[in-house]
K.L.:
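There's a structure below that I have some questions on.
Note on naming: letters A, B, ... go to the chains in the order of the sequence lines (proteins, then strands), and numbering restarts at 1 for each one. Just so we're clear, the structure is a prediction, and the values are computed from it rather than from any experiment. These values consider heavy atoms only, across backbone and side chains, with no hydrogens, waters or symmetry-generated copies.
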Amino acid sequence: MTRGSPYAPHTEAETAEMLDAVGVADEESLFDIPADVQFDGDFGIEARSERDVRTELRATFAKNERLTEFLGRGHHSHYVPSLVDDLSRRSEFLTSYTQYQPEITQGFLQVLFEYQSMLVELTGLPVANCSMYDAATALAEAARLAGRVRRVSGTRVLVPEILHAGKRSVLDNYVAGTDLTVETYPMDDGNVDTEALAELADDDVAMVYAENPTVRGAVEENLAAVGDVADDAGALFCLGTDTVALALLEEPASVGADVVVGEADALGMPTAYGMGLGLFATREEFLRQVPGRLVGASEDAGGKRAYTLTLQTREQHIRKERATSNICTNQAWVALRTAMHVAYLGPDGLVELAKRCVTDAESLAADLSDLRGVRAPVHDRHHFREFVARTDQPAKPIASDLESEGFAVHVVGEHELQVCITDLNAGKADALVAAFEEVL
Amino acid sequence: MTRGSPYAPHTEAETAEMLDAVGVADEESLFDIPADVQFDGDFGIEARSERDVRTELRATFAKNERLTEFLGRGHHSHYVPSLVDDLSRRSEFLTSYTQYQPEITQGFLQVLFEYQSMLVELTGLPVANCSMYDAATALAEAARLAGRVRRVSGTRVLVPEILHAGKRSVLDNYVAGTDLTVETYPMDDGNVDTEALAELADDDVAMVYAENPTVRGAVEENLAAVGDVADDAGALFCLGTDTVALALLEEPASVGADVVVGEADALGMPTAYGMGLGLFATREEFLRQVPGRLVGASEDAGGKRAYTLTLQTREQHIRKERATSNICTNQAWVALRTAMHVAYLGPDGLVELAKRCVTDAESLAADLSDLRGVRAPVHDRHHFREFVARTDQPAKPIASDLESEGFAVHVVGEHELQVCITDLNAGKADALVAAFEEVL
Amino acid sequence: VYEPLLAEKNSTRVAVDEEDSPLPDDLTRDSVELPGLSEPELARHYTRLSQMNWSVESGPYPLGSCTMKYNPSFTEDAAADPNAAVHPDRSPESVQGTLELLYDLQDYLGRIGGMDAVTLQPPAGAAGEFTGILVAKAYHESRGDDRSEVVVPASAHGTNFASAAMAGYDVVELPSGDDGRVDMEALDAAISEDTAALMLTNPNTVGLFERDIVDIAEMVHDAGGLLYYDGANLNALLGRGRPGDMGFDIMHYNVHKTFATPHGGGGPGAGPVGVVEELAPFLPSPRVRQRGGNYELFDPEESIGKVHGYRGNWFVLVKAYAYIARLGDEGLADASAKAVLNANYLASQMEYEVPYEPFHHEFAATAGERDAADVAKRMLDYGVHPPTTKWPEFVPEAMLTEPTEIENLDSLDDLAHAFNAAMADSDEELANAPSRTTARRIDQVSAAREPRLSWRALEDES
Amino acid sequence: VYEPLLAEKNSTRVAVDEEDSPLPDDLTRDSVELPGLSEPELARHYTRLSQMNWSVESGPYPLGSCTMKYNPSFTEDAAADPNAAVHPDRSPESVQGTLELLYDLQDYLGRIGGMDAVTLQPPAGAAGEFTGILVAKAYHESRGDDRSEVVVPASAHGTNFASAAMAGYDVVELPSGDDGRVDMEALDAAISEDTAALMLTNPNTVGLFERDIVDIAEMVHDAGGLLYYDGANLNALLGRGRPGDMGFDIMHYNVHKTFATPHGGGGPGAGPVGVVEELAPFLPSPRVRQRGGNYELFDPEESIGKVHGYRGNWFVLVKAYAYIARLGDEGLADASAKAVLNANYLASQMEYEVPYEPFHHEFAATAGERDAADVAKRMLDYGVHPPTTKWPEFVPEAMLTEPTEIENLDSLDDLAHAFNAAMADSDEELANAPSRTTARRIDQVSAAREPRLSWRALEDES
């Protein structure tokens, strides 16, 4: 039983031998810390056994109420097959570092190359990096890229008025050190108000951002028009989406997207309290301005195909303050899980899942609309996974009552609730409708 | 989405190509089953998605009541560290077969060799096989071994009168096809009544079986004497124990044990509804009569140490009806887990755990004895993990009331309960005592 | 690659000290010597060892009669449910979930095998055989019918012989017919009023269906014997034929073969036994039944008792249930169809003679003039696992090959290439094989002649 | 060893068919092309790829400044609790367990760093730096103090430069002193009323403790600047020194370094930021506090807003908490002691010059006349992972080595042997290295010159 770290393997004899080899009497002699800043080691944190920590955490998490979540708005989950958990937990993947020695890390590099490749297929854009932190930081990096590239001269970043507050705040912080400014454009019944957008757009615009589906779940019908507005203004068109939506909705490349961002971890991760995986894809033209890691194919000395991190001169460890981003540690392991999940589903499974996101949402909205005092969806649009419902009664008490009945939904307006349905909660949709009826 | 087995990878095109290569029109043509015994395939079993099966099973198991188990009597568990789950689940271990091609299965062979080695250390006997199904079948195989070896001429197998019913029944079945017979000998205050045993023992005896600790948890104080009785009768002395007890109690070799059997999976496995791991160790002399697999060290063509299954001529696939046992598939993966758990604990941790089995039981017995109407332990012996308590009131209703309070204990007599304490339930010992007080 | 033994990394002797010992000195041992290593060291040790081990997830594993299928990950997660981890002595009322699963699995297996009653207790296939034979024995004894022989084809698994012998029967070996199937004349000669049972594998161990099965059953039954089905090859028949419909009275299921529970390097398996109605009273105790919506344990009236200390290999049974539920009727039938297709396709791509046809999910190729074991060792160098070799014995230099349904066209082509390339290599290359593996050819003879079975034995030597 | 790409195994184009499409044609794409493989094929694919990857459980991973510790298995199990998987928009009342854990971790980190307030939101160390600098900026702005520069030592991590620049600051690079530490005169010259912050790593990136830290802090504070602590090297100080006690105002923690959460091949990490009381109002929103026994989220009064869409990398934070709880005071202090001992022991066994001493948990050896990158490639052939090379730049041909506390005497000796043997090998051997690895030396130049970043790019080529 070690009295120190259970993960330091030293026997007493070994420690003595090593101290001897170094030529000091004890471990303390190795520390060169002036007396006035020495610390006595008393954090007041008691060591616990592995079992006790597990028991404690189980008890802690058991304090979370077991609600069936009909929640989305940017953080989405689908059923993650056991295969993904099992393979991603293999220590060779989980406990490895960034692939600075590609000769002995071909495995992870290939997975990341495959992840990039999947996003290339799904977005239609030829370059995808191998992860950003989340959708918000990916959007923010896209804006910074727009601010850097030569093709763009403007400084205004136009975003929808309904942008998720977290994304907006991150975007503001990421552009605070640049000359970029962020403005909103109006929406029209849940889609981009393209006329209003066109009026706002001029040569001063660096980037126009739109989402499909929107944060309120509406399928965007005017993407090509948005792309045209951006193009006319000499701005980049940045499209926000996710890995499942990409399988069904219009291909970003075909509507003129210059950058695609969003959450890639709608596949691969369980509900994770907002932990994400930033998707980032763009045109070849901007390759050397891309933030984050890129894996490329090359050859080894024997002429065999091999993979390696590439174009590292964009990155902070080489380029320092002139790097395309400060990102170093990214979300590689989440990207690995997402790639595994996409591979598990295959094209059939992925398209099927995406279709269900439309039909399940449509059907749940219809069921809710059948209730007196609810109208859903409020926007006369197609929806993907989620939609907003208008309630005659104030929304907040309804949500609170639903919580008592075991369901979580979003409150997004005084009389507006937002409801998200996926394969994870679809089996409880009828129960949700019944609960609604109960509490209305 | 496959319509057949999700684990058969064939695309339609591949199936067609393969049928073509074989020269048949369809898969049905490959089956050579006479019409009168063909089956239409209707089992009435509906295929379900992976998620649905998991959801269903979770719901099924949730029907088990969440009781704190103070249960033992041959099926014991201690906390299994995550490391064991994590490493044992690695597919290279989990999904491999018996090591018929040792050149590419050195990993598992080495683990089994190490498992054998640990049991050699713990028992003091030089030969341990790499698993039997469980303690009951290990005991039964020991009896059959006694019936086979030249040194022994008798046919009577003497077992304690308190032998676990499952072990007794298995033993009866295993010797039914031999000329061995099973008889019981009496106990004296929870230990072997050595005088009575000596009276029963004569040249007709093939094997004397004793346990340490006994099924009622008592530490056996007369092992050497039992060994002498067996020896005097020209019989084998077979000792039943477990991996944790071995770390503290008398070493089997030192009390003259010829065969050691028992449950090895007190380490390595969670509570498993009785699923076990039969420990089997014996003297060099009986090596070629040992049932089950043996891993030996050898050398490869390059002169490097290598491991291999050995002495396979004892086994059914070579020796057929003259094999030492019919065992083929054994419990290799459980042995791997047990070896990992022993390695995790190390000698310090293992001895420490074993000591707690004595002190925790002693202390719980004392606490129960403090209650009016309970006396524990009933035997004036030292105890390991468990003990029998005598209750003034009938035991059955008490156990039933305890169950309502969330605790499971054994009923072993009209006024006798048996209680087992390990690191898994020790934290609830006070609650158990309180519940006892409540229901008495 | 070489990984030292744990004991070579560290070996620590700990005194079972009298001072702080909770027991008197004479009841304890003096000391314990074991490796004392930290968690990171162990993690590396076992990770490295795992990487020195072939598995289904490494590549093709076409061991004939072993049915090395892919073991779905989700079945592991399903079995790891903490609520599934209960003690066998719990009151039945408090473990209704466990009993429900056992009941449902009994039911599924009964349907799949065409059997009326099933026990889940036997912890492996061989234990299932032993159980089945004990049931047969109990049945005969209950009728005052004293029979002494069990008939087993020469081509049968070694366990059949051993299990029958363990139950006290004399084993009558039935030679294989010229067509690789049961020779009806030889059978007629072997069967008598002493015959307790005939044990058959169907399709048999070279993959042939016993076309005369109805006649065989009649012959055995007419002689008062019982017909036992060895379930090792059930993966060939799922949804297309049921032992119960063919006249078998008793069968065991190898859930680690047919129902894809992991082999674990040699277990744990599970060998449930199914029987016809007449034999149900003799099954091991306890079984599970449903009464008024509740599940309960009961002892069959004339039960043989127990063949395992408790209820068998519980976690394995959970995984088997999960697999069957995942596949359902269509999936199970497709598994068999693809297993048979794969075997036939593979054989078609191999430049080997296959003496017996038409085979189903497995086939016995012959290495002809070459030593089958040498060819197998050479196959290792081509990055695949070889088939079962030199068995069954009536096929000269047999290479019993069973790719199962999980291989695709490409991997079958790879496998065929390995077979063909090995066969084309020189005698010297075969004799020196394998050379690209973790270990080179291992000396089996000296391993058996001077057994060294523990690290202590290695230490004593040096 | 070569494993084809998924798309080389199968590539299937599926029409997003209008007929059964739930959306009008003009809102959908035409088709999707992706690999369509079965579960067994994927299991093998990823298992093989995993075996082509070095990890902490493969062997020594002495990357300087990366702190590749063993990642305890149990922290994974703890984080996998289904009750821990909740949506960030849940009402705080319904996720008290989640908030409790966050609160307790804020508390632990505060104690460990000597900081008054902690945010857990930054999803990585660099994000923590950026957050810390934004906090500094907001602080200065709140006082109407317009400062334009951040001072960073030349030896600092590249992220320091990039993070400061991202926040809009001019970066003033501080040359290293002759002794490898901060040159006080140079610092005096660099600091001015324009200085928003000085970012320091301590011990610095060659393992030296900045002995003048109290004077440095005073100098920065006197100029009205803030002192920022880069937590990358905190593993050297646990229990022996706290940034807060040294005068640092802001720090980030790399939980994937110091607190052993897995690096995952490059993330996810987490980069919590701690600050002194005066800066707490500027931390990102929301933070967690305890009120009357309940936990609640709150927005600090002058919060900079958000640096992550939600609350950061939740699961990583759970694992960090579990690690800290497991070790406690004694374990944390021992981790540092053994990390420092290991670095010193390893250096003592290496035949390399180490220009700067006394180092703590890491040291920069120099390859002298040899190319450090070549020596590193050669080390691969000796079965270990090499150190960080050619950085920091002021050490010629630097080999920045950090064995961490998890290595034992034997593996340190192995590592030293690899270092020494590689150094003793010929130029040709170095140039041709590695030769015993999955891939041989990889052509970085052509990879960057003609980037091929997807399987489509490879296809277009062929």
Side-chain angles (χ1 to χ4, degrees), chain B residues 4-5 8-9 14 18 22 27 32 37 41 43 47 50 57 60-61 63-65 71 87 90-92 94-96 98 103-104 106-108 117 120 133-134 136 166 169 177 251 270-271 273-275 296-298 300-301 306 310 316-317 320-321 323 326 328-333 346-347 358, chain C residues 14 22 29 34 36 46 49-50 52-57 74 78 83-85 87-88 94 96-97 111 123-124 126 158 161-163 165 167-168 171 209 239 246 262 264-267 269 305-306 309-310 314 328 331 334-335 337-338 344-345 405 408-409 437 439-442 447 452 454-455:
Chain B
S5 166
E14 283 169 355
M18 290 164 71
V22 175
E27 290 158 356
D32 179 36
V37 293
F43 298 134
E50 172 178 318
L57 285 175
T60 301
F61 295 136
K63 294 175 189 167
N64 287 343
E65 286 170 30
L71 300 173
L87 293 170
R90 286 181 64 84
S91 58
E92 297 95 324
L94 184 64
T95 76
S96 65
T98 303
E103 291 84 1
I104 56 169
Q106 285 295 297
F108 213 121
S117 301
V120 165
Y133 304 129
D134 69 348
S169 183
E251 189 188 57
T271 307
Y273 202 59
M275 175 169 168
S298 183
D300 76 357
T310 192
Q316 47 73 28
H317 60 290
K320 295 188 169 176
E321 65 269 27
N326 72 335
C328 176
T329 295
N330 48 37
Q331 306 283 107
W333 185 72
V358 176
Chain C
V14 171
R29 60 192 297 152
L34 284 171
Y46 290 111
L49 289 180
S50 77
M52 294 157 66
N53 215 63
W54 191 266
S55 71
V56 170
E57 299 195 12
F74 88 96
N83 290 330
H87 192 284
S94 75
Q96 285 292 300
R111 298 190 205 193
F161 300 87
S163 299
V171 178
F209 192 89
M246 299 169 198
K306 295 182 68 57
Y310 293 98
W314 160 246
D334 188 51
K338 295 302 190 299
N344 278 275
Y345 175 77
E405 68 272 19
N408 66 8
L409 184 61
T437 45
R440 291 173 56 194
R441 187 87 67 108
I442 294 168
R452 296 174 299 173
S454 70
W455 55 50

K.L.:
Between chain C and each of B:Ala47, B:Ser117, B:Pro9, count heavy-atom pairs under 4.5 Å; write down the option with the most.
P.N.:
B:Ser117
K.L.:
Set out, in order, the CA-CA distance, both residues' side-chain angles and the distance that settles side-chain contact (heavy atoms from CB on, under 4.5 Å) for C:Arg441 and B:Asp300, then state yes or no.
P.N.:
CA-CA 5 Å; C:Arg441 187 87 67 108; B:Asp300 76 357; over 6 Å; no
K.L.:
Do you know which of B:Ala323, B:Gly166, B:Ala306, B:Gly274 has the most heavy-atom pairs with chain C at a distance under 4.5 angstrom?
P.N.:
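The residue among B:Ala323, B:Gly166, B:Ala306, B:Gly274 with the greatest pair count is B:Gly274.
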K.L.:
For chain B, which candidate among C:Gly168, C:Ala165, C:Gly239 shows the most heavy-atom pairs at distances under 4.5 Å?
P.N.:
C:Gly239
K.L.:
Under 3.5 Å, side chain of C:Arg452 to main-chain N/O of B:Ala297, donor-acceptor pair present?
P.N.:
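Confirmed, C:Arg452 side chain pairs with B:Ala297 backbone.
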K.L.:
For B:Val22, is there any backbone N or O sitting under 3.5 Å from a side-chain donor or acceptor partner on C:Asn344?
P.N.:
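Checking the backbone N and O of B:Val22 against the side chain of C:Asn344, no donor-acceptor pair under 3.5 Å is found.
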K.L.:
To check you understand the geometry: which heavy-atom pair defines the closest contact between B:Pro347 and C:Gly36, and what is its length?
P.N.:
CD-CA, 3.9 Å
K.L.:
Do C:Asp334 and B:Ser5 get their side chains close enough for a donor-acceptor pair, meaning under 3.5 Å?
P.N.:
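Checked: C:Asp334/B:Ser5 side chains show no N/O donor-acceptor pair below 3.5 Å.
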K.L.:
Can you list the steps and then say if B:Lys63 with C:Asn83 is a side-chain contact (heavy atoms from CB on, under 4.5 Å)?
P.N.:
CA-CA 8 Å; B:Lys63 294 175 189 167; C:Asn83 290 330; over 6 Å; no
K.L.:
Which one of C:Ser55, C:Ala85, C:Ser163 has the most heavy-atom pairs closer than 4.5 Å to chain B?
P.N.:
C:Ser55
K.L.:
Please classify the contact of B:Glu65 with chain C as side chain, backbone, both or neither, using a heavy-atom distance under 4.5 Å.
P.N.:
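Its backbone and side chain both get close to chain C.
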K.L.:
Counting heavy-atom pairs closer than 4.5 Å to chain C, which one of B:Ser91, B:Pro270, B:Ala136 comes out on top?
P.N.:
B:Ser91
K.L.:
If every non-hydrogen atom of B:Thr271 is compared with every non-hydrogen atom of C:His87, which pair is closest and at what distance?
P.N.:
CG2-N, 3.3 Å
K.L.:
Write down the atom of C:Gly265, the atom of B:Phe108, and the distance for their closest heavy-atom approach.
P.N.:
CA-CE1, 3.6 Å
K.L.:
Can you give me the closest heavy-atom contact between C:Gly309 and B:Asp134, atom names plus distance?
P.N.:
N-OD2, 2.7 Å
K.L.:
Here's a test for you: under side chain to side chain contact (heavy atoms under 4.5 Å, CB included), which of B:His317, B:Lys320, B:Gln316 qualifies with C:Phe161?
P.N.:
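That would be B:Lys320; it is the only one of B:His317, B:Lys320, B:Gln316 passing the side chain to side chain contact (heavy atoms under 4.5 Å, CB included) with C:Phe161.
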K.L.:
Using 0.5 Å steps for rounding, measure from the CG atom of B:Leu94 to the CG atom of C:Asn53.
P.N.:
11.5 Å
K.L.:
CG of B:Leu87 to OH of C:Tyr46: how many Å apart, nearest 0.5 Å?
P.N.:
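So the CG of B:Leu87 and the OH of C:Tyr46 are separated by 8.5 Å.
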K.L.:
What are the two closest heavy atoms between C:Ala439 and B:Gln106, and how far apart are they?
P.N.:
CB-CG, 3.9 Å
K.L.:
Please name the pair of heavy atoms, one in C:Gln96 and one in B:Asn64, separated by the smallest distance, quoted to 0.1 Å.
P.N.:
N-OD1, 3.4 Å
K.L.:
Does any backbone or side-chain atom of B:Thr310 lie under 4.5 Å from a heavy atom of chain C? Answer side chain, backbone, both or neither.
P.N.:
side chain
K.L.:
Between B:Gly41, B:Ser298, B:Cys328, which shows the greatest number of heavy-atom pairs under 4.5 Å with chain C?
P.N.:
B:Ser298
K.L.:
Between C:Ala335, C:Pro22, C:Ala167, C:Ala84, which has the largest tally of heavy atom pairs under 4.5 Å with chain B?
P.N.:
C:Pro22
K.L.:
Between B:Glu251, B:Glu103, B:Glu27, B:Glu50, which shows the greatest number of heavy-atom pairs under 4.5 Å with chain C?
P.N.:
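Of B:Glu251, B:Glu103, B:Glu27, B:Glu50, B:Glu103 has the most heavy-atom pairs under 4.5 Å with chain C.
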K.L.:
For C:Trp54 and B:Thr95: C-alpha separation, side-chain torsions, deciding distance, then whether side-chain contact (heavy atoms from CB on, under 4.5 Å) applies.
P.N.:
CA-CA 9 Å; C:Trp54 191 266; B:Thr95 76; over 6 Å; no
K.L.:
In Å and rounded to the nearest 0.5 Å, what is the NZ to CD distance from C:Lys338 to B:Glu14?
P.N.:
10.5 Å
K.L.:
Hey, could you give me the CH2/CE distance between C:Trp314 and B:Met275, rounded to the nearest 0.5 Å?
P.N.:
11.5 Å
K.L.:
How long is the gap from CD on C:Glu57 to OG on B:Ser96, to the nearest 0.5 Å?
P.N.:
11.0 Å
